[in-house]
Colleague: 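Quick one: this structure, given as structure tokens, is what I'll be asking you about.
In this chain, residues are counted from 1 in sequence order. Everything quoted here is computed from the prediction, not taken from an experiment.
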Amino acid sequence: MANSTISSPALKDELDIVIPTIRNLDFLEMWRPFFQPYHLIIVQDGDPKKTIKVPEGFDYELYNRDDINRILGEKATCISFKDSACRCFGYMVSKKKYIFTIDDDCFVAKDPTGKEINALDQHIKNLLCPATPNFFNTLYDPFREGADFVRGYPFSLREGVPTAVSHGLWLNIPDYDAPTQLVKPRERNTRYVDAVMTIPKGTLFPMCGMNLAFDRDLIGPAMYFGLMGDGQPIGRYDDMWAGWCVKVICDHLGLGLKTGLPYIWHSKASNPFVNLKKEYKGIYWQEELIPFFQSAKLPKECTTVQQCYLELSKQVKAKLSNLDPYFEKLANAMVTWIAAWDQLNAPGAAAAKPSKTSTK
């Protein structure tokens, strides 16, 4: 089902692939059978003068920091610098309904039979069928072939809800924090679990941004990866922040998130000492952040993602600023992000122009 050596062109005109990078994109060669039908949005981090080489034959547009500053003007302050959180600029400029994002150190994995896994195809399957956050099905995703709702599952809930996010996993290098990396430097994930499940309503999860797809129309404005990296006191919590915000908003709006398949092969472990320097405040702060998001309530008047996100930004400022002044800055950036999103996605708004495309 999820695995194929031939790319499916499903949704090829409705989906963009967003890739943050600081290096040449040679990794795309392995993904060519699967990604070539799709449009790529590359967000170049770091020095905008550096030339990023993209293999021939891919349809892409590339934005660097100069482009971000030119397109967003003063609002560019909400986009992180020297951190993979810059990828969310790609979400903002896309005009497609669906987004798939992947890191440049992720490669094609193989299932237990040795077949290459078409990760994008599985993400599309996850997004196109309903999620079941309101009642857990013990056979996991009841919409997969060969599965169904088990005895005792309420018929009134079997229709499910729209799936907003598909969260994929990884073989080889696990997505660990720095302390766990330090105590388990040689640990590798070799376990392939052939399952997809809906994350229950009211339950938070640690979202990893390196193998992720979402319905941009349903949840796009909440996919803000925060202020991280250069000039900020924290890094490597960008996808976590987005995941917590997204889950609160999905629960409020009646949307679902799935996790499990597809797997990718994560090839490179980042330096745990460098990671610890980026993460250490986040490791401390998350003990306060998780209870905050667990208790966050959105008023019924919030009926759009933007309204929900702006309300959440107010709560961040009111309840987390005493933890550190950074959170007031982050709350303001959340407001700026929504303003920038609405500016670029207003009816009739001109498409953003990248400095480099596959045609020039």
Colleague: In this structure, would Val165 and Leu127 fall into the same cluster of hydrophobic residues linked by side-chain contacts under 4.5 Å?
Modeller: no
Colleague: Evaluate whether atom NZ of Lys96 has more than 12 neighbouring non-hydrogen atoms of other residues, nucleotides or ligands under 6.0 angstrom away.
Modeller: yes
Colleague: Does atom NZ of Lys97 have more than 12 heavy-atom neighbours, drawn from other residues, nucleotides or ligands, at distances under 6.0 Å?
Modeller: yes
Colleague: Under 3.5 Å, is there a donor-acceptor pair between the His123 and Asn211 side chains?
Modeller: yes
Colleague: How far apart are the C-alpha atoms of Trp241 and Phe293, what are their side-chain angles, what is the distance that settles it, and do they pass the ring-ring contact (aromatic ring centres under 6.0 Å, His included) test?
Modeller: CA-CA 10 Å; Trp241 181 263; Phe293 282 105; 5.2 Å; yes
Colleague: Give a yes or no on whether the ring-centroid distance for Tyr91 and Phe225 is below 6.0 angstrom.
Modeller: yes
Colleague: When you compare the side chain of Gln44 with that of Arg65, does any pair of heavy atoms fall below 4.5 Å?
Modeller: no
Colleague: Looking at side-chain heavy atoms only, is the closest gap between Ile41 and Ile19 below 4.5 Å?
Modeller: no
Colleague: How about Phe107 and Ile264: do any of their side-chain heavy atoms sit closer than 4.5 Å?
Modeller: no
Colleague: If we count only N and O atoms by modelled type, under 3.5 Å, do the side chains of Tyr237 and Gln286 hold a donor and an acceptor together?
Modeller: yes
Colleague: Can you confirm whether more than 12 heavy atoms, excluding those of Lys314, are under 6.0 Å from its NZ atom?
Modeller: no
Colleague: Examine Phe149 together with Phe143 and report whether their ring centres are nearer than 6.0 Å.
Modeller: yes
Colleague: Quick check on the 6.0 Å ring-centre criterion: do Phe35 and Phe58 meet it?
Modeller: no
Colleague: Lys356 and Asn64: side-chain donor and acceptor closer than 3.5 Å?
Modeller: no
Colleague: Say whether Tyr98 and Phe100 are linked into one hydrophobic cluster, either directly or through other cluster members, by side-chain heavy-atom distances under 4.5 angstrom.
Modeller: yes
Colleague: Indicate whether any N or O donor in one side chain lies under 3.5 Å from an N or O acceptor in the other, for Asp175 and His266.
Modeller: no
Colleague: Would one find more than 12 heavy atoms of other residues, nucleotides or ligands at under 6.0 Å from atom OH of Tyr140?
Modeller: no
Colleague: Is it the case that Asn126 and Arg144 place a side-chain donor and acceptor less than 3.5 Å from each other?
Modeller: no
Colleague: Check whether any side-chain N or O of Ser80 sits under 3.5 Å from a backbone N or O of Met228 as a donor-acceptor pair, and report yes or no.
Modeller: yes
Colleague: Please check if Ile219 and Tyr224 belong to a single hydrophobic cluster, counting links between Ile, Leu, Val, Met, Phe, Trp and Tyr side chain heavy atoms closer than 4.5 Å.
Modeller: yes
Colleague: Start with the C-alpha gap between Ser270 and Asn275, add the side-chain angles, then the distance that decides, and say whether side-chain hydrogen bond (donor to acceptor under 3.5 Å, both in side chains) holds.
Modeller: CA-CA 7 Å; Ser270 47; Asn275 290 347; 2.7 Å; yes
Colleague: Hey, does the side chain of Asp105 reach the backbone of Ser267 with a donor-acceptor pair shorter than 3.5 angstrom?
Modeller: no
Colleague: Using modelled atom types and a 3.5 Å cut-off, is there a donor and acceptor pairing between side-chain atoms of Trp341 and backbone atoms of Ala222?
Modeller: no
Colleague: How about NZ on Lys317, more than 12 heavy atoms from neighbouring residues, nucleotides or ligands closer than 6.0 Å, or not?
Modeller: yes
Colleague: Inspect the surroundings of OH in Tyr280 and state if more than 12 heavy atoms from other residues, nucleotides or ligands are less than 6.0 Å away.
Modeller: no
Colleague: Do you see a donor-acceptor pair shorter than 3.5 Å between the side chains of Asp59 and His39?
Modeller: yes
Colleague: When you compare the side chains of Glu311 and Gln315, does any donor N or O come within less than 3.5 Å of an acceptor on the partner?
Modeller: yes
Colleague: Please check if any side-chain donor atom of Ser355 sits under 3.5 Å from a side-chain acceptor atom of Asp67, or the reverse.
Modeller: yes
Colleague: Would you say Asp251's side chain and Gly202's backbone share a donor-acceptor pair under 3.5 angstrom?
Modeller: yes
Colleague: Under 4.5 Å between side-chain heavy atoms, counting indirect links through other Ile/Leu/Val/Met/Phe/Trp/Tyr residues: same cluster for Trp170 and Leu212 or not?
Modeller: no
Colleague: Taking atom types as modelled, find out whether Tyr326 and Glu328 have a side-chain donor-acceptor pair closer than 3.5 angstrom.
Modeller: no
Colleague: Thinking salt bridges, do Arg236 and Asp177 make one under a 4.0 Å N-O criterion?
Modeller: no
Colleague: Applying side-chain contact (heavy atoms from CB on, under 4.5 Å) between Phe34 and each of Ile117, Val108, Ile17, report the one that passes.
Modeller: Val108
Colleague: Indicate whether any N or O donor in one side chain lies under 3.5 Å from an N or O acceptor in the other, for Asp104 and Thr21.
Modeller: yes
Colleague: Taking it one step at a time, do Ile124 and Leu15 satisfy side chain to side chain contact (heavy atoms under 4.5 Å, CB included)?
Modeller: CA-CA 9 Å; Ile124 290 169; Leu15 182 145; 4.1 Å; yes
Colleague: State, yes or no, whether a side-chain contact exists between Leu257 and Phe214 at a heavy-atom distance under 4.5 Å.
Modeller: no
Colleague: Is a donor on one side and an acceptor on the other found under 3.5 Å between the side chain of Lys53 and the backbone of Leu25?
Modeller: no
Colleague: Is the shortest side-chain N to carboxylate O distance from Lys258 to Asp141 below 4.0 Å?
Modeller: yes
